[in-house]
Amino acid sequence: MKKYKGYLIDLDGTMYKGGEGIFGAILFVKALYQKGIPYLFLTNNAAKTQKEIAKQLQGYGILCEPRHVFTSAMAAAEVIAKEKPNAAVYMIGEAGLETALREKGLVLTHIQPDYVVMGLDRQLTYEKLVKGALALQSGAKLISTNQDVAIPTEHGLIPGNGALTKVLQVSINAKPQFIGKPEAPIMQQALQVLGTKCEETLLIGDNYQTDIMAGIHFGMDTLCVFTGVTSREVLAKKDRQPTYCTDDLEEWIVYL
C-alpha cells in the first residue's frame, strides 16, 4: 500500500454524521496527529469560519485546530484577491464568507461592486438577490463558493448554495465561477496550505460528485468512505472509480 505524506479530508459524512462524530474517523485523525502526518479538513461549507468549524470538530472529539480547516469561502476570497486586490465585493452569505473576504482586504459593498460572491445564506431575501442581479448586469463577475444543489440532513435534503446560485444563473443568464469541490481552485490552494505534492496526497470523502470527482479531476488518489452520501451500490455504477474504498477509516490506520 502506498504511503502518503498528506491527507485532505472531507467533513460531513466523513468525519461526522448528523450531530455525532464517526468513531473510526476520529481514531484515524488521532493516528495522523500522533504520527505527525499533515492533514487538512477540506469543506465546501462557506457559512462557518475556521474557528467555528474547529470548535465543532473538537466537540466531536476530533483533533482539530483552526489551521487544520480550509473552506470554499477562503478559496473564493483568495481567487478574488489575486485577480483584483482590494476589490469591491457584494456578498450573499454568512459569517464564514464575510470573515474570509475581509481577511483578504476585500471591500464589502453593494455600490458598483467588481464581484458578486455567493455562499450559502440562510437569511437570504429577495432584496439580496435583486442587488446581486443588478450588480451583475452592471458588469460585476459572479463567484459562487460551491455548486452543491442540496445539503443532506437527518431530516432530508435541503437547498444548497448551488440551488441558490441558479436563481441568478437562470434569471439573468449569469455564468458563475464555482470554487469549491470538485473544482480546481480549492484543490490548488488546499495543497499549498497542506504543503504536499499532488502525488503524495490522498483525498478522503464520502460524496462521489464532490470529493471523489475533485480528486479524479485533479489527478489525486482518492479514498471513498461509505459513511455518508455515496453507497457501494451507487459507486459500482460509476465509470470512474476512486483509488480505494472503505467502510470504516479505522481500517486505514495500519497504512499510515
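Just so you know, residue 1 is the first one in the sequence shown, and it goes up from there.
The hydrophobic cluster containing I22 does not contain L11, counting ILVMFWY residues as joined when their side-chain heavy atoms lie under 4.5 angstrom apart, directly or transitively. Clustering ILVMFWY residues whenever any of their side-chain heavy atoms sit less than 4.5 angstrom apart, transitively, puts L168 in a cluster other than the one holding M91. Residues M1 and I253 fall within the same hydrophobic cluster, defined by Ile, Leu, Val, Met, Phe, Trp and Tyr side chains chained together at heavy-atom separations under 4.5 Å. Placement of L27 and L223 within a single hydrophobic cluster is found when ILVMFWY residues are connected by side-chain heavy-atom separations under 4.5 Å, directly or transitively. In terms of hydrophobic clustering, with Ile, Leu, Val, Met, Phe, Trp and Tyr side chains grouped at heavy-atom distances under 4.5 Å, I26 and V69 are assigned to a common cluster.
Taking CD of Q147 as the reference point, atom CD of Q177 lies at 11.5 Å (rounded to 0.5 Å). Atom CE in M15 sits 9.0 Å away from atom SG in C64 (nearest 0.5 Å). With rounding to the nearest 0.5 Å, the separation of CG in L202 from OG1 in T222 is 7.0 Å. Within the model, atoms CG of D12 and CZ of F41 stand 13.0 Å from one another, a figure rounded to the nearest 0.5 Å. Rounding to the nearest 0.5 Å places OG1 of T14 at 4.0 Å from CG of D206. With rounding to the nearest 0.5 angstrom, the OG1 atom of T49 is 12.0 Å from the CG atom of L97.
Contact check for K30 versus K35: no side-chain heavy atoms found under the 4.5 Å cut-off. Contact annotation: the side chain of E20 never approaches that of Y60 to less than 4.5 Å [non-hydrogen atoms, C-beta and beyond]. Taking the side chain as every heavy atom from C-beta outward, P113 and V89 never approach each other to under 4.5 Å. Using a 4.5 Å heavy-atom cutoff, the side chains of I143 and V116 are not in contact. Annotation: side chain of L40 is not in contact with side chain of I9 (no heavy-atom distance under 4.5 Å). At least one side-chain heavy atom of F226 sits less than 4.5 Å from a side-chain heavy atom of C245. When side chains are defined from C-beta on, N44 counts as touching T210, because their heavy atoms get closer than 4.5 Å. Here the side chains of F70 and Q50 are not in contact, with every heavy-atom distance at 4.5 Å or above.
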> Given the rule in the side-chain contact (heavy atoms from CB on, under 4.5 Å) test, do K238 and I212 qualify, once you have shown the distances and angles that lead to the verdict?
Replying inline: CA-CA 11 Å; K238 302 296 184 182; I212 304 307; over 6 Å; no

> Can you list the steps and then say if Y4 with Y255 is a ring pair (Phe, Tyr, Trp, His ring centres under 6.0 Å)?
Replying inline: CA-CA 9 Å; Y4 295 93; Y255 301 126; over 10 Å; no

>> Checking I172 against L136 for the side-chain contact (heavy atoms from CB on, under 4.5 Å) test, could you report, in this order, the C-alpha distance in whole Å, the side-chain angles of both residues, the deciding distance, and whether it holds?
In response: CA-CA 8 Å; I172 62 168; L136 292 169; 3.6 Å; yes

>> For V29 and Y39: C-alpha separation, side-chain torsions, deciding distance, then whether side-chain contact (heavy atoms from CB on, under 4.5 Å) applies.
In response: CA-CA 8 Å; V29 172; Y39 59 93; 3.7 Å; yes

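The main-chain N or O of I186 is never found under 3.5 Å from a side-chain atom of Q189 such that the two would form a donor-acceptor pair. Looking at T246, its side chain never comes within 3.5 Å of a backbone N or O of L249 through a donor-acceptor pair. Judged by distance alone, the side chain of N161 and the main-chain N or O of N146 form a donor-acceptor pair under 3.5 Å. Between the side chain of H68 and the backbone N or O of E65, at least one donor-acceptor pair lies under 3.5 Å. Put simply, the side chain of E250 never gets that close to the backbone of G24: no donor and acceptor are under 3.5 Å apart. A donor-acceptor pair under 3.5 Å is absent between the side-chain atoms of T243 and the main chain of D221, judged by distance alone. Side chain of K128 to backbone of Q123: a donor-acceptor contact under 3.5 angstrom is found. With hydrogens and angles ignored, the 3.5 Å screen pairs no side-chain donor or acceptor of K104 with any backbone N or O of I80. Of the possible donor and acceptor atoms, none in the side chain of D114 sits under 3.5 Å from a partner among the backbone N and O of A87. Within the 3.5 Å criterion, the main-chain N or O of A214 finds no donor-acceptor partner in the side chain of E183.
Between P159 and L120, the shortest heavy-atom contact is O-CD1, 4.1 Å. When all heavy atoms are compared, the tightest approach of I179 to A75 is CG2-CB, 3.4 Å. Taking both residues in full, the closest heavy atoms of L142 and A174 are given as CD2-CB, 3.9 Å, listed atom of the first, atom of the second, then distance.
Salt-bridge annotation for R102 and E98: present, with a side-chain N of the basic residue lying under 4.0 Å from a carboxylate O of the acidic one. Salt bridge absent: K181 and D148 never bring a charged side-chain N and a carboxylate O closer than 4.0 Å.
In the model, T201 has a side-chain atom that pairs as donor or acceptor with a side-chain atom of T196 under 3.5 Å.
Less than 6.0 angstrom separates the ring centroid of Y7 from the ring centroid of F28.
In this structure, K17 has no salt bridge (charged side-chain N to carboxylate O under 4.0 Å, His left out) partners at least two apart in sequence or on a different chain. In this structure, K197 has no salt bridge (charged side-chain N to carboxylate O under 4.0 Å, His left out) partners at least two apart in sequence or on a different chain. Partners of N45 by side-chain contact (heavy atoms from CB on, under 4.5 Å), not counting sequence neighbours, listed by chain and number: T43, A47, K48.
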